[in-house]
Amino acid sequence: MKTLALDIGLKRIGLALCIDCKIAMPLDAIIRKNRNQAAKDVGKILQDYEIDILVVGIPKGGSSEDEMKRRIEHFVSLINFEKEIIFVDESFSSKQAQELQVANLKKKDGKLDSLAAYLILKNYYGIV
């Protein structure tokens, strides 16, 4: 079974892959030009990796929670994924990724976003 996690932002989408709920790894992030291009790119990854479950982070709490939830759910609807979609709390995953400071990651290249998606996946499956 393969799971893909998404950390959806307005400029970048972090991606992480989990195989058999045991091995998780960040993938290259998608740089968003517009939502349709980004949804198409995510859809291609879902097909290429033959994904069974999509885990999508939604930030909980804060003044913009409802707006972010609406935007993320709308984006996911553009992907047209027919299998299981799970929305999880991803609060602080980006902050945790920054705190790790792995290899001096820069925000603009999307590596931090994919590290955040990796953390979402690790937390979801309880991978140590």
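Remember, it's a predicted structure, so these values are computed and weren't measured experimentally. All residue numbers refer to positions in the sequence shown, counting from 1.
With rounding to the nearest 0.5 angstrom, the CD1 atom of I120 is 4.5 Å from the CG atom of D7. With values rounded to the nearest 0.5 angstrom, E50 atom CD is found 14.5 Å from M1 atom CE. To the nearest 0.5 Å, the span separating CG on L15 from CG on D41 amounts to 9.5 Å. Interatomic distance, I72 CD1 to E67 CD, rounded to the nearest 0.5 Å: 10.0 Å. In this structure, E84 CD and T3 OG1 are separated by 8.5 Å, a value rounded to the nearest 0.5 Å. Going from atom CZ of R12 over to atom OG of S114 covers 10.0 Å, rounded to the nearest 0.5 Å.
Side-chain contact check for I51 versus L17: some heavy-atom pair is nearer than 4.5 Å. Using a 4.5 Å cut-off on side-chain heavy atoms (C-beta onward), K60 and E90 make no contact. Contact annotation: the side chain of F87 approaches that of V76 to within less than 4.5 Å [non-hydrogen atoms, C-beta and beyond]. Between R71 and I8 there is no side-chain heavy-atom pair separated by less than 4.5 Å.
For K33, the NZ atom is loosely surrounded, since the number of other residues' heavy atoms within 6.0 Å does not exceed 12. Applying the 6.0 Å contact sphere to OH of Y125 captures more than 12 heavy atoms from other residues, nucleotides or ligands.
At a threshold of 4.0 Å, the pair K2-D52 does not count as salt-bridged, since none of the basic side-chain nitrogens sits closer than that to a carboxylate oxygen.
For A39, the side chain to side chain contact (heavy atoms under 4.5 Å, CB included) partners two or more places apart in sequence, or in a different chain, are F75, L78, I79. Take N34 and apply the side chain to side chain contact (heavy atoms under 4.5 Å, CB included) test, not counting sequence neighbours, and it matches N36, Q37. Take Y124 and apply the side chain to side chain contact (heavy atoms under 4.5 Å, CB included) test, not counting sequence neighbours, and it matches V55, I86, V88.
The hydrophobic clustering, which links ILVMFWY residues whose side-chain heavy atoms are closer than 4.5 Å, places L54 and M25 together. Residues L4 and I30 fall within the same hydrophobic cluster, defined by Ile, Leu, Val, Met, Phe, Trp and Tyr side chains chained together at heavy-atom separations under 4.5 Å. Placement of V56 and I53 in two distinct hydrophobic clusters is found when ILVMFWY residues are connected by side-chain heavy-atom separations under 4.5 Å, directly or transitively. If you chain together hydrophobic residues whose side chains sit under 4.5 Å apart, L121 and Y49 never meet in one group. I13 and I58 fall within a single hydrophobic cluster, where Ile, Leu, Val, Met, Phe, Trp and Tyr are joined by side-chain heavy atoms under 4.5 Å apart, directly or via other members.
The nearest pair of heavy atoms linking A117 to A5 is O-CB, 3.5 Å. When all heavy atoms of R32 and G9 are compared, the closest pair comes out as NH1-O, 2.9 Å. Of all heavy-atom pairs spanning G14 and A29, the tightest one is CA-CB, 4.3 Å.
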